[in-house]
Amino acid sequence: MRISKFHLATVKETPADADVISQQLMLRAGMIRKLAAGIYSWTPLGLRALRKVEAIVREEMNRAGALELLMPSIQPRELWEETERWAKFGGQLLKIKDRKDGEFCYGPTHEEVITDFARNELRSYKQLPINFYQIQTKFRDEIRPRFGVMRAREFLMKDAYSFHLDTECMQREYQNMYDAYTRIFTRLGLKFRAVAADTGAIGGSGSHEFHVLADSGEDAIAFTSEGNYAANVELAEAAAPASPRPAPTESLQNVATPTQKTCEEVAELLGLPLSRTVKSFAVVGEQGFVLVLVRGDHMVNEIKLQKIAGLGDFRLATEAEIVDHLGSTPGFIGPVAPVKAISVIADRSVAAMADFVVGANQAGFHKRGVNWGRDLPEPDVVADVRNVVEGEPAPNGAGTWSIARGIEVGHVFQLGQKYAQAMGAQVLDENGKARTMYMGCYGIGVSRIVAAAIEQNHDAAGIIWPEAIAPFHIAVLPLGADRSERVREAAEKLYAELTAAGLDVLLDDRKGVRPGAMFADQELIGIPHRVVVGERGLDAGQYEYRSRRAAANEMKPIEGFVDWVTREIRK
RNA sequence: CGGGGUAUAGCGCAGUCUGGUAGCGCGCCAGCUUUGGGAGCUGGAUGUCGUGGGUUCGAAUCCCCCUACCCCGACCA
């Protein structure tokens, strides 16, 4: 591609409303343009990167035996009523009406459509197992779209759905997809990690997420020092306390904490370690007001909390409810002597504490020397309801937990019969008996991968594309071509040869563009290789080659250069 | 949805408090010079000051409504 015939639209200034590096660089490089909140156009440059990701995903899905199809993005309400997700999916579902007032949604995912397709197409166990996939635009009306295409409302997704007669078969395909995903992210040149995950709104039994590792990632993932187990922090289990609860040594007393509301402030005032304080988190569940207790140095894990019987879809308590049940405003609340009956859920670490500090349910006061059984009843529920922290022991002798940040780019689920059951997707087995199919589903955020790759690979000058995603493999930069017929001809010849070798080549044939601007553009848009053609080099029979990751030029003989650089790029 | 903020040229911003000719930088166009790390000079084009209403002789500026966008919290590929 010649830049003179391409739409290269780089800018020097960082757009004001871009707050992560990938979004800044994609805008500066001219890869994407915002149309509305969370809705982007892909420019010719950006689309080249997107298509490369898409091509690798498609190749590996095909290699793994999945069949590509394409389903509609607009889906009728009736289908979503069958699984009760028209209501359950909530505000993320973009609902639209046609001219006859018929109700539709823009597909955020395709379990309903594919299950409908499968129940119509699949009649016999002989047609199973089968795995259908598509690469298609999805729309999720995110509460808060941000970070450019990393968390957009409209995005490109590869979604696959497999159908099976039994669980074992489903699990084999799950493993097959897990392996295909591993190949995909490896080929894309990304540092990634598969982690055990919560199933969320999609549902089902088993699930893994694939995360691109990057410090700017929105997700925390936990992995053990022994045994190679990794999980989303939402799921990572905290080991039960090793030692039993000590006997009380202090008596219960009120202490004045006039302005100290947080555990940190209270611990500092009392000269106690943060781990001696207890945080009280007020929620309202199906069975009323609940106080959740975790240690002052821990964080409540709301996903774990949701799984506790009787809580269901809990919500944070309002300030009025807190005052009503405990007699105090937030900041000084605790489980001792509530005004009204409440239930108490204690994290396992809290249940094993003695002589701890809690809010006194009185503004300006906390209680210290608090002990279970003596000063308040034993907790109603003791469970693991907190996030694990860096360095703490992992369960089952798996060493210690470490925490890293990741960007979720893939997710595989064993759905079981959830959708097939709700929608009556059955086939006849070898005995002529109707059996409900088992399903798996497997997603990859194609557009998100482009952003994630940048988060993981950039420097002060711009993007550094992994070879597999780069919109162009190599840039040819002629210096002084406006004055030198020789340079112009040599660059044209090199461009033709590299193109003939099957590479995606960008030739900077713009008139009157000075060298500094050429270099800056090539580095910003992240072309992994560049070759400078100038009078200096031609006199010496050399090109100046530079890898995007290198700090200096290498002089390469013109003779044999195309072969050499083609091998560099292909390896 | 709750809280906070912004809206002025293609982009980044000043001007608003204290009402009176709409500005700066980058980019864009033309010419000349320059040419190995985002060139210099000269000249030029570009705005319903987010929308609607009000106050006023006069509104980017003051008041009201609306809308869009951004940031912080509960979601997910």
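Residue numbers start from 1 in every chain, and the chains themselves are labelled A, B, ... in the order their sequence lines are given, proteins ahead of strands.
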Please figure out whether A:M150 or A:P145 has its closest RNA chain B nucleotide nearer the 5' end.
A:P145
For A:I303 and A:V532, find the nucleotide of RNA chain B closest to each by heavy atoms; which residue's nucleotide sits nearer the 5' end?
A:V532
Taking [atom1] from [X] and [atom2] from [N], how many angstroms apart are they, rounded to a whole number?
X	N	atom1	atom2	value
A:I135	B:A77	CD1	P	17 Å
A:Q542	B:G36	CD	C1'	16 Å
A:M177	B:A77	CE	P	17 Å
A:E218	B:G73	CD	C1'	13 Å
A:F139	B:C76	CZ	P	16 Å
A:D482	B:A39	CG	P	14 Å
A:M518	B:G37	CE	P	12 Å
A:R530	B:G36	CZ	P	14 Å

Which of the following nucleotides, [options], is nearest to the side chain of [X]?
X	options	result
A:R546	B:A77, B:G37, B:C75	B:G37
A:N553	B:A77, B:G36, B:G38	B:G36
A:D19	B:G38, B:C75, B:C70	B:C70
A:K12	B:C70, B:C26, B:G73	B:C26

Calculate, to the nearest 0.5 Å, the distance between atoms NE2 and CG belonging to A:H208 and A:L235 respectively.
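Separation between the atoms: 9.5 Å.
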Would you mind classifying the nucleic acid contact of [X] as base, sugar-phosphate or nothing, using non-hydrogen atoms under 4.0 angstrom?
X	answer
A:R536	base
A:A152	base
A:E234	nothing
A:G534	base
A:V409	sugar-phosphate
A:D521	base

Decide whether a cation-pi geometry holds between A:R530 and A:F519; the criteria are a distance under 6.0 Å from NZ or CZ to the six-membered ring centre and an angle within 45° of the ring axis.
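Yes, cation above the ring, under 6.0 Å and within 45°.
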Please check if the distance between the ring centroids of A:F210 and A:F185 is under 6.0 Å.
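Ring-ring flag for A:F210/A:F185: true, centres closer than 6.0 Å.
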Look at the side chain of A:N232 and the backbone N and O of A:A197, then say whether any donor-acceptor pair between them is shorter than 3.5 Å.
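A pair under 3.5 Å: no.
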Under a 3.5 Å limit for both distances, which nucleotide forms a Watson-Crick or G-U wobble pair with [N], could you say?
N	value
B:C41	B:G31
B:C76	none
B:U6	B:A68
B:U56	none

Determine whether any donor atom in the side chain of [X] lies under 3.5 Å from an acceptor atom in the base of [N], or the reverse, and answer yes or no.
X	N	answer
A:R28	B:G27	no
A:E13	B:G27	no
A:R514	B:G36	no
A:R483	B:G36	no
A:D219	B:C76	yes
A:E535	B:G36	no

Would you list the atom pairs, donor with acceptor, under 3.5 Å between side chains in residues 446-453 of chain A and any protein atom, with sequence neighbours excluded?
| residue | atom | partner | partner atom | Å |
| --- | --- | --- | --- | --- |
| A:S447 | OG | A:L156 | N | 2.9 |
| A:R448 | NE | A:M150 | O | 2.8 |
| A:R448 | NH1 | A:E408 | O | 2.7 |
| A:R448 | NH2 | A:M150 | O | 3.3 |

Can you check whether A:F519 stacks with the B:G38 base, using ring centres under 5.5 Å and planes within 30°?
no
Below 4.0 angstrom from OP1 or OP2 of B:G38, is there any side-chain N or O of A:R510?
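No, outside the criterion.
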For B:C70 and A:K34 - does any side-chain N or O of the residue sit under 4.0 Å from the phosphate oxygens OP1/OP2?
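For B:C70, OP1 or OP2 has a side-chain N or O of A:K34 closer than 4.0 Å.
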Do you know which two heavy atoms are closest between A:R28 and A:E13, and how far apart they sit?
CG-O, 3.7 Å
Check the pair A:K279 / A:R386 against side-chain contact (heavy atoms from CB on, under 4.5 Å), numbers first and verdict last.
CA-CA 11 Å; A:K279 223 181 257 186; A:R386 66 180 175 89; over 6 Å; no
Test item: A:Y495 and A:D509 side chains (from C-beta on) under 4.5 Å apart, heavy atoms:
no
Considering only atom P, compute the distance from B:A30 to B:U18 and round it to an integer number of Å.
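Those two atoms are separated by 47 Å.
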